[in-house]
Amino acid sequence: NDGQAGGQGGDGAALEKVNYLTSFNTFGREAYAYVALEKGYFKDAGFDVTITPGSGTVDVLKLVAGGQADYGIGDFTATVITLGKQKLPVTTVGMIHQRSLAAIVALEGGKISKPEDLPGKKIGDQPGSTNTLMFPLYAKAAGIPSDQTKFVPNPPPALPQLLAAGTVDGIGQFVVGVPLVEKAAKKKAIVLPYGKLLPDLYGNAIITRADLAKDHPDQVKRFTGALLKGLQDTIDDPEAAAQTLKKYVPNTDVAVATEELKLMKPYVKPDDFSGPLGDVDTARVQKVIDAVKGADKEVNPALTPADVVDGALAPKG
Amino acid sequence: MIKLDGVGQVFEGRAGRVQALDGIDLHVQENEFVTLIGRSGCGKSTLLRLIAGLLPPTYGGVAVAGEPVTAPRRDVSFMFQRPALLPWRSVLSNVMLPVEISGGDLDRKKYVERAHELLELVGLDGFERRLPHELSGGMQQRVSLCRSLIRRPKVMLMDEPFSALDALTRTELSEELQRIQMELATTIVFVTHSIEEAVVLADRVVVLTPRPGRLREVVEIDIPRPRSLGQNAHLTEVAQISAHLHALLAEKQAEIRPVDAR
Amino acid sequence: MIKLDGVGQVFEGRAGRVQALDGIDLHVQENEFVTLIGRSGCGKSTLLRLIAGLLPPTYGGVAVAGEPVTAPRRDVSFMFQRPALLPWRSVLSNVMLPVEISGGDLDRKKYVERAHELLELVGLDGFERRLPHELSGGMQQRVSLCRSLIRRPKVMLMDEPFSALDALTRTELSEELQRIQMELATTIVFVTHSIEEAVVLADRVVVLTPRPGRLREVVEIDIPRPRSLGQNAHLTEVAQISAHLHALLAEKQAEIRPVDAR
Amino acid sequence: MTNRSWLTTSRSAAVLLPILGLVAAIALWWLAIVAFSIESFLLPTPGAVAAKFLEQPGYLLQQTWVSFLETILGFGLAIVAGVPIALLIVRSVILERLVYPLLLAVNAIPKIAIAPLLVVWWGFGQLPKVLMVLLVCFFPIVISTAQGMKSTPAELVELLRSLKAGKAQEFFKLRLIYALPQVFTGLKVAISLAVIGSVIGEFAGATEGLGYVITSSGATADVALAFAAIALLSVMSIILFYGLVLLEHLLLPWAQETR
Amino acid sequence: MTNRSWLTTSRSAAVLLPILGLVAAIALWWLAIVAFSIESFLLPTPGAVAAKFLEQPGYLLQQTWVSFLETILGFGLAIVAGVPIALLIVRSVILERLVYPLLLAVNAIPKIAIAPLLVVWWGFGQLPKVLMVLLVCFFPIVISTAQGMKSTPAELVELLRSLKAGKAQEFFKLRLIYALPQVFTGLKVAISLAVIGSVIGEFAGATEGLGYVITSSGATADVALAFAAIALLSVMSIILFYGLVLLEHLLLPWAQETR
Ligand SMILES: Nc1ncnc2c1ncn2[C@@H]1O[C@H](COP(=O)(O)OP(=O)(O)OP(=O)(O)O)[C@@H](O)[C@H]1O
Ligand SMILES: Nc1ncnc2c1ncn2[C@@H]1O[C@H](COP(=O)(O)OP(=O)(O)OP(=O)(O)O)[C@@H](O)[C@H]1O
Ligand SMILES: [Mg+2]
Ligand SMILES: [Mg+2]
C-alpha cells in the first residue's frame, strides 16, 4: 500500500514536503488537486503538499525545472513545443485530459457559429497558445483555409471581456472556460472544440523534474496516484469538488466551477476511452510531436516522445 | 504720496513671536526723498515691504497715492536688500524684466536703449550678456539698481541699494539718483546704514528705534541741493546732523532683545 | 604668513573671458591686519578665494604658513561676502558648524558657551533658536561673523563683513575685531568698501586697480592702536590717508571694462 | 498678500478636501458608467465594488496587509540601497557615467516580464515580491536624490570646503539635507510605484496579497472583486503618500514652499 | 580645488564611459551565468541574445521603432497634460488637495490590470498603447513639476510680485523656468516608465512592438528572443535618457551643478 510513509495520521514530521503548481490560477478546472489534499490522499501517500496557483504552462515548466516546484500541470502541446525549443530538465508523467480542451469560443448571435464561419474573422487569444499554433491543423481537418483567420494576442484574463465587448469575434479558450465566458457576457456561447476534429491532441499533463522521475520513480508514482484519485473523485462529484475548492479559495464561484468540472469530464474520460486515468499512449505522443513539428519550424526536428514523456511512470491499466 | 497710520508688524515663528514694528505714523510727500536709518534688525526692510504691498501689516493702515495698499502697484518700484536676479537671465535681460512684465513691448527698443544707458551709468557696459553668477557682489547689486530704475516709477523703495559698492561708485550713483529724482519727480524711501549718505540724500531722515521699530525722530535736512557725498561743500552741517543721528542710534542699546527673550 | 607670487586669475565664460587679477605680489606678515580696497568688481573676493584655496590661480603661486595652497586649510577661516547660512540650522547651530566639522565634540560645551558669548557680542542673544529666514540681512551677516570667529583661526579672510551693519554696530564690532586679533595673534585680510574702516583697522591698506585687479599701492598705517571708528582721536591722520586712498581709487576710471569688450 | 481662507489654512480642510476629491472621483466613475452605459463586465459600479468589499472585508484587509508589508519592506530597502548609490554618483563623475547606463538598463526591463524569474530564483515566499518592489522604486529614489544633491548652491558647498569638511561631512551635513525636499519628491513618486510593484510581484507564484486577489478574480470573471482590490490598492497608495507628506512636514520645517 | 582629469572633462569620455559601463554590465551578466551556472532557460547568455538579434535584425528594429513611436507620443502627451495640471496644483491649495488623491488613485492602479480595458475601449491600434504610456509616466511629471515650482525662492517670487506680474507671468517667467532642473529629473524618471508603458500596452491586443515580441516569445519559452527584446528596450531607454540629458545641457546652461 502506498500509504505507508505517512500512515500514522497527524504525524507531520514523517511527511515529505512537496510543492505543486496548478496550470493557471485557481479556476474550477484545477479543483482535483484540492480534492486530493482535502480528502487526505496526498497525506496517505506520504506527502505534505503546498498548492500554488501557476501562471501558465511555460512558467510552470520553468518553476519545476528551477526546482521551486516538484510537480505542476501544463498544457501538453505547449510543453512539447517548449521542450522542442529548450532543453529543460522536466518531463511529463501522466495526462489529466485525454482530449485537448482547446477550442474557439464565440457568442450566440455573433458572427461565428460553425468552423466554416472562421475565415475573415478576428480571434483573440493568448499569444503562442495551443489554439493559435494548432489552428492550421484544425483548419485542415475542418476543411477551411487556415490563413484567413486573424489571431490577436491578448492576456488570457482579458479574453472574455474582449469577446463580450465585441472587440473580437471569437476567442481561444479551453472548453471548460465556457461557463465563465457565459457568466461574463451573460450570453450563451458557441464552442468549436479542437478535440472533436483532432482527437490525438492531449490536454493538460502532469509535469515533474526529470531527476525526480529518474531517481525517485516510486515517489512520483505515489504522487500521481494520489492526484489522479482526486481527479477521479472530482469527475464523479463535480459539485462537491467545487465546494472543496471554495474552502481553499474563498473567491470561488461554486456554480461556475461545478459547470466547468462537468464540462471537463468527457475530456478526462472520453466515452471511447477505456484506459486508466492519466494514461499516456506513446504513439499518440509521437503524432502530437509530428504535428507540432509541422506547425512550428523552430522545434527541434530530432525531438522524440522520450524527450517529453516518461512512459514508464504513467499509470497503466 | 505714502501714508502710514499706526502701522505695526508682528512675526510669529516656532521660536516665539517678534514685534518688528509698532505704531509707525509717517506721511511722505510727493517728490520727497526720505531716508530711513536704524540699527540692524529694527524693521527697516519690513517697513518697505509693507509700503510695497508685499506684506499685510498686522495692524494699522498703509496708503499710497491716496489708495489703501492691498497688493503691489505698478507705479512703485522696489529694490531689495539682496540683488534677487533671475539666474538664467543675462544682465541685460534681468534689467529688462520689469518692462517685459508690464508689457512695454511696443517701446521695447527705447527701453533696451535705456537699459544700456543705465548699465553704462553704473559701469557695467560690456557685461550685458553675462549671467548673474559671473558677477561680483557689487556688480549684482548694480544690476538690481538698473532694474529698479528702468520703468521710471513714481515711488521708489530702495533697501540699502549701495551697501556692496565702493565709496567712489557710491558717490557717483548717489549724485545720479538725486538727478533722476528731480527729473522724474519721484518719491523715494531709501534705507541705508551710512548716516552721511542718509543726510546727504534726504529731505527728511527717519530714525527707527531697535526692536520693536518705532519712530524715534524725523530730522529735516535743509541743505540746498545738489549735494555730494565725500568731499562736499556742506561738510560742517552734514557733520553736525550726522553726530546728532549717531547719538540717536546709540540710545537704548540695552533694548535690543526679541520679545520672547524677556 | 601669506605669500602671493605673481598671481593672476582669468575667468572663461560663454560671453568671453574676464581677467580678474593680474600679477599680484603680496606678503602678509604673521599677526598683520591687512585691509583690501578697490572698486566693485576689481577682484577682491577672487583674491580671498585664491588665498583660501577655494580656487586654483590661473597662474602664479599662493602660500600660507610657508606651504603652497592647494586646498582649504583648517587654520584659515573665511567669512564670505554673502552670509551663506544653512537654512535648516538654527542660529546657534549655524555658528557651531565649524566646530562640528572639525570634530571639536570633546570641548563642545566650551564652544557652545563661546557661541553664546559671540552672539551676545553681536547683539543676537535671544535669537539662538531662530532659522536664518527669520532674520534680517544684517542679522544674518552677524551670524556669519560669529561662525567665522568660533574656531579661533590663525588666519582670517573677511569679505566685507560689516557691509550690512549700521554705523554703530560697525564701530563696536570693528573694535571687538581688533581686540580679538591682538588676543589671538591672528593674521587678517579684510575686504571693505569703507575707506575709513580700511584705514582704522589696518596695519597696511592694499589698493587694487579695477579690472584686471593689480596692486596699485600698499599704504602703511602708523597710527597707534587701539583705534576707533567714528569719533576717534586721530581724525586728521585718518582723514589725510583716506583722502589719498580716495584719490587712488578715482584714478583710471575709464578702464573699467571687461577684457572682451575692448 | 495672499488670500487666506478656511479652505487653505485649517487643519480639518487639509483632511476633508482630499476626501472630497476622492468622493468626487467616485461620483465621476459612477456617472461615466451611467452616461456611457458601460457594461459591468468591463467596469463595475462603485456600489458593486463596495458590496464586494463588504462581503468579505476581513479577507480583503488581510490581503491588503500582505501587500502593504511587501511594499514597506521593498520601499525601505530601496531607500537603504538607493541613497548610497546616489552619493557615489554625485561624488564621482566617472562613477556616474559608469553606473547610470547600468541602472537605466535594469530599470528599462518591464518588471512583469521578469516576475516569474524572481520566483524561480527566490521561491514563493515574500522575498521575490519585496525584491520586485525594490526593483520598481529604486530608480526614482536614486535619481532624485542625486539631482537634489547636485543642485546644492555653490555658495554652501564652498562654505563647507572652506571649513575643510571631509567628503562625508559635505554629504551628510550639507548635500543630503539640502536635497531632502527633492528626495521626498522622489519618494512620493516611488511609493506609488512600490505599491504597484508588490502587485506585480504577486502576479506570479503568490497565494495571498492584493495582486493574487486580482489574478484569482480572473478565475471567476469577478470584475467587481478585481476592482475592490484595485480600490484597496489606491487607498493604500494614498495613505502612504500622505504619510510621506506628513513626515516631510515634520522633518523639513525649514523647507519653505512658495505659492 | 577639484581634480580635473581627462575622464571627468573630455567630451569623448562622456560618451565612452557610459558605453564602458554597459559593457561591464554585460560582462557581469555573463560572469553571473558562468559563476552560478544559471540555466539558459532562465537567463540566456549575452551571446545567445546577440545571436537572436542578428538572426532577424530588421524585424526586431522594426518592432523597436513601433514601441519607440508609442513611447514618444505618450511621453509628449504626458508633458502636455502634466505641466498645466502641475500649474493648477501650485496655483491653488484647494485644487491641490482635491486633485492629488484622484491622481494618486489612478496612479496606484496596476496598469497591466487595465491594459485590456484600454483595448476594449480604443481597439487594437496605436491609441491604447499611447494612452498607456501617458498613464504610466504622467504622475512623475506632474509631481516634480509642481514641487519644483513650489520651491521657487521667496525672494524671487516677491520680486515678480513687486513688479505686479500676473499669475501667468509669475508661472511662465519665473516658476516654470526655476523648476526646469527638477522637471528634467521628473522627465528622466518618466522616460524609463514610458518605455515600460509602451510594452505593457503591447501586452494586450498588439501584433507588433517589443512588448508583443516579449509575450509571443514567452509563450514558446524563447527566452533568448525575449531578452533580445528587453535588451533593445534598455538601449532605447538609455538613448532617450541621454537625449534628455543633452537637451537639459542645451536648455539650462545656467543650472549650475555642484560636485
Ligand atoms: N519672515 C520673518 N519671520 C520672522 N521674523 C522676521 C521675518 N522677517 C523679519 N523678521 C524679524 O523682524 C525684525 C526686523 O527685520 P527687518 O528685516 O525688517 O530688519 P532691518 O531693519 O531691515 O535689518 P537690517 O538692517 O539688518 O536689514 C527682525 O528682528 C527679524 O528677525
Ligand atoms: N565665477 C565667475 N565666472 C566669471 N567671472 C567671474 C566669476 N567670479 C568673478 N568673476 C569676475 O571677476 C571679476 C572680479 O570679481 P570679484 O567677485 O572678485 O570682485 P570684487 O572685487 O569682490 O567685487 P565686489 O566689491 O563687487 O564684491 C568680476 O569682473 C567678475 O565679473
Ligand atoms: Mg533690511
Ligand atoms: Mg566681492
Side-chain angles (χ1 to χ4, degrees), chain B residues 11 13-16 18 20 37-46 81-82 90 123-131 134-139 141-142 159-160 162-170 172 193-196 210 230-231 242-243 245-246 249-250 253 256-262, chain C residues 11 13-16 18 20 37-46 81-82 90 123-131 134-139 141-142 159-160 162-170 172 193-196 210 230-231 242-243 245-246 249-250 253 256-262:
Chain B
F11 290 105
R14 311 194 138 223
V18 172
I37 62 173
R39 305 210 50 174
S40 167
C42 74
K44 303 179 294 297
S45 301
T46 305
Q81 192 167 0
R82 302 216 295 180
S90 68
L124 283 178
D125 44 328
F127 281 91
E128 289 86 352
R129 283 162 53 227
R130 308 238 165 211
L131 291 176
E134 296 176 302
L135 305 182
S136 79
M139 290 159 91
Q141 197 172 38
R142 283 179 273 159
D159 201 350
E160 306 188 25
F162 302 152
S163 64
L165 301 183
D166 57 285
L168 217 75
T169 311
R170 221 174 232 252
E172 286 164 18
H193 279 314
S194 161
I195 295 178
E196 200 195 351
Q231 300 92 325
S242 295
L245 294 175
H246 217 281
L249 287 181
Q253 265 195 74
I256 311 185
R257 295 282 176 282
V259 171
D260 69 315
R262 284 180 199 165
Chain C
F11 290 105
R14 310 196 139 223
V18 172
I37 62 172
R39 306 211 48 178
S40 167
C42 75
K44 304 179 292 298
S45 301
T46 305
Q81 191 167 0
R82 303 216 294 180
S90 68
L124 283 178
D125 43 328
F127 281 92
E128 290 84 353
R129 282 163 52 227
R130 307 237 166 214
L131 291 175
E134 295 175 303
L135 305 182
S136 79
M139 290 159 90
Q141 197 171 38
R142 284 178 273 161
D159 200 351
E160 307 188 25
F162 303 153
S163 63
L165 301 182
D166 58 284
L168 218 75
T169 311
R170 222 174 232 251
E172 287 165 18
H193 279 313
S194 162
I195 295 178
E196 200 195 351
Q231 299 93 325
S242 295
L245 292 175
H246 217 279
L249 286 181
Q253 266 195 75
I256 311 185
R257 296 282 175 282
V259 171
D260 69 315
R262 283 182 198 164

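Hydrogens, waters and symmetry mates are skipped; everything else that's a heavy atom, side chains included, is used. Letters A, B, ... mirror the listed sequences (proteins, then strands); counts begin at 1.
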task = Can you measure from NE2 (C:His193) to OG (B:Ser194) and round to the nearest 0.5 angstrom?
result = 13.5 Å
ask   = When rounded to the nearest 0.5 angstrom, what distance separates CG in C:Leu245 from CG in B:Leu168?
value = 12.0 Å
key: C:Arg142 (side chain) donor-acceptor with B:Ser40 (main chain) under 3.5 angstrom   = yes
inquiry  = Let's test your reading of the structure: which of B:Glu128, B:Gln81, B:Arg82, B:Lys44 forms the most heavy-atom pairs below 4.5 Å with chain C?
reply    = B:Gln81
task = Identify which of B:Ile195, B:Thr46, B:Thr169, B:Leu165 forms the greatest number of heavy-atom pairs closer than 4.5 Å to chain C.
result = B:Leu165
ask   = By a 4.5 Å heavy-atom criterion (distance strictly below it), what part of C:Ser45 contacts chain B: side chain, backbone, both, or neither?
value = neither
4.5 Å side-chain heavy-atom contact, B:Val18 and C:Glu134 = no
